[in-house]
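Just so it is clear, the model here is predicted, and its values are computed rather than measured. Below, chains carry the letters A, B, ... as their sequence lines are ordered, and counting in each starts from 1.
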Number of protein chains: 2
Amino acid sequence: MVAEKQVKALSERTLRRLPRYIEILKRLKSEKIEFVSSNMIADELGLDSIQVRKDLAATGVTGKPKLGFAIDELINGIKHTLNWDNQTDAFLVGAGSLGSALLGYKTFSDHGLNIIAAFENEPSKVSGIINNITILPIEKLSDMAFRMKVHIGVITVPIDQAQHVADMMIEGGIRAIWNFAPIHLKVPDFVIVENAQLSHSLGVLTHKLAESLKGENK
Amino acid sequence: MVAEKQVKALSERTLRRLPRYIEILKRLKSEKIEFVSSNMIADELGLDSIQVRKDLAATGVTGKPKLGFAIDELINGIKHTLNWDNQTDAFLVGAGSLGSALLGYKTFSDHGLNIIAAFENEPSKVSGIINNITILPIEKLSDMAFRMKVHIGVITVPIDQAQHVADMMIEGGIRAIWNFAPIHLKVPDFVIVENAQLSHSLGVLTHKLAESLKGENK
DNA sequence: TTTATATCGATAAAAATATATCGATAGGTG
DNA sequence: CACCTATCGATATATTTTTATCGATATAAA
């Protein structure tokens, strides 16, 4: 076995910043820049350069004194850390407006995700095709996930169906769920759930705005 | 002036958990339950009960020994903390698939957000109507935001237009931006930006899944 | 070739966040 | 009515995350 470079554990905070680094790095790369310092990245994102260096250290990529990090190597290193240099097959359940919007995204393949089929329980939507992805009846979910060894499930159904869909996914061997339904899914320990719920982010926004406006009226 | 109950500072972590509490509380309320303990909430969400109590303390709502928290009071208290008991007018820019999906959401009004108009630079989309919200030409954004005292802007345009849209919003007096474009927006200090970028959450998922599957093959 | 300097990366300190402990109290039980 | 117990909420401890310090080193300039 090839010895992997020793990589430090990644905190969730760090994981969430890594895609932001890619965003900046891609832009710099398009400007033909080859090396970038932690300071430059930090400035672009309003972060601390020490934090950037620590985050990057977690990917195993090293920089050079006086020069910084080689952009190509860094992009590849971050992608590897996120497993974005592989694509994992995924099923999406719930072809409503949000689900359809997600199906339309061409860029998930750059982010390690390959949605190969979608499912619905609403007959009028079944057998539609969005962005080359066929919409199948929900009954086939578990079997197909199992047969095709699909590991990721995306849930974009309404609240009241979400837990049931999660159960079916798990029955089909799905190991990671990207959950857009505003409900806490109960799953076994070996299943990873990542919530992508608008309300969480919206709450931060509305609270901060209220605080900010309140401060002004004093 | 009415003396507000002394409320502790809210960390961003706490803010993100508050909507999850509401989710659970609403369900319990629908089951006619009137009081809930921090332990019960913690169990439902897989959190620690001490943490739940601390988060709730930050809203100013108090519980009763042996009984717990009055659900109605707690829901109201959390909503008040998030400013979800008011609605703030908002503009959305970018009526692509994601933008349209957001325009279709009826529930934002429960979350303090009232999208009153949408904007687009693509002529074929302008003057369409989604969920009773009219799509207007982007040129009108700044003026209208200013005249109508709109404080929140939602950005769902492609990467290359996002900064420009943000600039127009700020020119129109918008004070808080909910940004769905995968780019770090540069804004003055007095403007609040909350990023809602799928890639951040997806990165956590793909990384954890890879770790989890790797562990198995040892 | 020597010196100066930007930058890394390791270790240390500080700050933020989460968890533990424990006395106080409302409400049920004998 | 007196006791027991679940639960709160304040304070204390532990852990995680961020920020600071500083020696090492690759490159550029003198």
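Panel note: side chain B/S212, backbone B/K208; no donor-acceptor pair is recorded below 3.5 Å.
In this structure, A/L47 atom CG and D/dT17 atom C1' are separated by 13 Å, rounded to whole Å. Per the geometry, CD1 belonging to A/I71 stands 13 Å off P belonging to C/dT7, to the nearest Å. A straight line from NZ of B/K64 to P of C/dG28 spans 11 Å, rounded to a whole angstrom. Note: CD (A/Q51) to P (D/dT19) measures 5 Å, nearest angstrom. Atom P of nucleotide D/dC22 and atom NZ of A/K54 are separated by 17 Å, given to the nearest angstrom. When the P atom of C/dA6 is taken as reference, atom CE of A/M40 falls 13 Å away, rounded to whole Å. Straight-line distance from the CG atom of A/D55 to the C1' atom of D/dT19: 13 Å, rounded to whole Å. Distance, B/L10 CG to C/dT17 C1': 14 Å, rounded to whole Å.
Closest approach to the A/R17 side chain among D/dT18, C/dC8, D/dT17 is made by D/dT18 (side chain taken as heavy atoms from C-beta onward). Ranking C/dA20, C/dG27, D/dT25 by closeness to the A/P65 side chain, first place goes to D/dT25. The nucleotide whose nearest atom lies closest to any side-chain atom of A/T62 is, among C/dT11, D/dC8, C/dG9, C/dG9.
Using modelled atom types, one finds a donor on one side chain and an acceptor on the other under 3.5 Å when comparing A/Q163 with A/D167.
Contact annotation for B/I50: base contact, defined as any heavy-atom pair under 4.0 Å involving a base atom. Contact annotation for B/K66: base contact, defined as any heavy-atom pair under 4.0 Å involving a base atom. Residue contacts shown for A/S38 are limited to sugar-phosphate atoms, with no base heavy atom under 4.0 Å away. Counting non-hydrogen atoms under 4.0 angstrom, A/R53 reaches a base of the nucleic acid.
Residues B/S37 and A/S11 both approach DNA chain D. Their nearest nucleotides, taken by heavy-atom distance, put B/S37 toward the 5′ side.
Residues A/T206 and B/N83 share a closest heavy-atom pair of O-CB, 3.9 Å. Heavy atoms only, all atoms of each residue included: B/Q87 and B/L113 are closest at OE1-O, 4.4 Å.
Applying the 4.0 Å criterion to OP1 and OP2 of C/dA18, one finds that B/R13 has a side-chain N or O inside that range.
Counting heavy atoms from C-beta on, the side chains of B/L74 and B/Y21 never come closer than 4.5 Å.
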